[in-house]
Amino acid sequence: FGAAGASPLLPQFPGFDDLYCKFCFVYGQDWVPTAGLEEGISQITSTSDVSPTTLVWNFPIDITFKSTNPSGWPQIVVSVYGPDFFGHDVVRGYGAVHVPFTPGRHTRTIPMFVPESTSRLQQFTSWFTGRRPEFTDPRVVAQGEGREVTRVRSQGFVTISFNVVTKDMKKMGYDVTPSDMQDPSLGPLTEGMHMY
């Protein structure tokens, strides 16, 4: 495969501030990370007077995988946390997206969701105690097993910019060249660009 990098991460959670992010990668059994961190945590981001609706986590995520099989292609799982009314850190959203298959720069927006209590009593108890429902292992977000009975609510988005480099994919019989690069009628990439 090759290497993937992601940065910046742009959270969109209207009404929330002082958020931080945890990330981890989920991948199949034929995949092996050879460099980089499989999980990490960001700094806390806050809005400013200049830009009261913009939040940014400027931390690079770099990882390199190798595999001889595309099954189990890596996904990044993002968990967002922030303080509630009482100052307790609570989950503000979970989401996952596959690392793009083609080399180059890609932007992906991940819809986020939070688990919900199943009854009014549980909702009140979790609000009062500051212990909101959350997954014990956020990796479950990238898997389908057991999620069909989970009650969730959509809440926010996280936009990630990926830089993907692949190696030896063609040797393995996989053509991951973007479709606009395969058309010879498009001419050289610099055609029509002004040189200054």
Side-chain angles (χ1 to χ4, degrees), residues 4-27 36-63 73-100 105-164:
S7 181
L9 279 74
L10 305 170
Q12 300 163 10
F13 287 85
F16 296 114
D17 202 3
D18 298 328
L19 302 176
Y20 66 94
C21 164
K22 292 181 181 180
F23 73 90
C24 64
F25 286 90
V26 175
Y27 46 87
L37 297 175
E38 290 183 59
E39 56 186 46
I41 188 169
S42 74
Q43 83 280 6
I44 295 174
T45 184
S46 300
T47 57
S48 68
D49 294 336
V50 176
S51 184
T53 60
T54 303
L55 299 166
V56 177
W57 292 305
N58 267 329
F59 70 105
I61 300 171
D62 292 314
I63 191 161
W73 194 273
Q75 297 179 64
I76 186 169
V77 175
V78 178
S79 308
V80 177
Y81 296 86
D84 66 2
F85 180 75
F86 299 110
H88 302 115
D89 272 355
V90 295
V91 68
R92 294 298 183 197
Y94 292 106
V97 68
H98 280 93
V99 173
R105 185 171 180 85
H106 307 276
T107 301
R108 298 288 186 265
T109 299
I110 306 170
M112 305 296 283
F113 62 88
V114 291
E116 286 201 319
S117 299
T118 55
S119 73
R120 293 274 183 216
L121 178 61
Q122 286 177 332
Q123 286 176 345
F124 176 74
T125 304
S126 66
W127 174 83
F128 186 70
T129 61
R131 302 274 306 154
R132 306 258 171 89
E134 61 181 81
F135 296 122
T136 54
D137 183 2
R139 288 176 176 85
V140 73
V141 172
Q143 301 156 353
E145 299 168 17
R147 286 192 41 211
E148 66 276 356
V149 295
T150 305
R151 179 183 285 184
V152 297
R153 175 176 38 91
S154 295
Q155 182 168 284
F157 297 91
V158 172
T159 301
I160 302 180
S161 295
F162 287 98
N163 291 305
V164 177

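Computed from a predicted model, the values in this text were never measured in an experiment.
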Thr109 and Leu10, any side-chain heavy atoms less than 4.5 Å apart: no
Which heavy-atom pair separates Val114 from Gln155 by the least distance, and what is that distance? CG1-NE2, 3.8 Å
Please work out whether the ring planes of Tyr94 and Phe135 are parallel, tilted or perpendicular, with thresholds of 30° and 60°. tilted
Kindly give the heavy-atom pair with the smallest separation between Pro83 and Asp89, and that separation in Å. N-OD1, 4.1 Å
Inter-residue atom distance Arg139.CZ - Gln75.CD, 0.5 Å rounding: 12.0 Å
Student check: side-chain heavy atoms of Val152 and Met112 closer than 4.5 Å: no
Pairwise distance CG(Leu19) to CD1(Ile44) - rounded to 0.5 angstrom: 9.0 Å
How many angstroms lie between OG1 in Thr45 and CG in Asp18, if you round to the nearest 0.5 Å? 8.5 Å
Hey, what do you get for CD (Gln12) to CG (Leu55), rounding to the nearest 0.5 Å? 9.5 Å
Taking the side chain as every heavy atom from C-beta outward, state whether Lys22 and Glu39 have any pair of such atoms under 4.5 Å apart. no
Where Ser46 and Asp17 come nearest, the two heavy atoms and their spacing: CA-OD1, 3.1 Å
Considering only heavy atoms from C-beta outward, does the side chain of Trp57 approach that of Phe23 to under 4.5 Å? no
Phe25 vs Ile61 side-chain heavy atoms within contact, under 4.5 Å: yes
So, do Ile76 and Val97 sit near enough that their side-chain heavy atoms are less than 4.5 Å apart? yes
Would you compute the distance between atom OG of Ser154 and atom CZ of Phe157 and round it to the nearest 0.5 angstrom? 7.0 Å
State, yes or no, whether a side-chain contact exists between Val158 and Phe13 at a heavy-atom distance under 4.5 Å. yes
Looking at every heavy atom in both Ser42 and Phe59, which two are closest together, and how far apart are they? CB-CE2, 3.2 Å
Kindly give the heavy-atom pair with the smallest separation between Ile110 and Ala96, and that separation in Å. CG2-N, 3.5 Å
For the residue pair Val141 and Phe113, establish whether any side-chain heavy-atom pair is separated by less than 4.5 Å. yes
Rounded distance [0.5 Å steps], OG in Ser79 versus OH in Tyr20: 10.0 Å
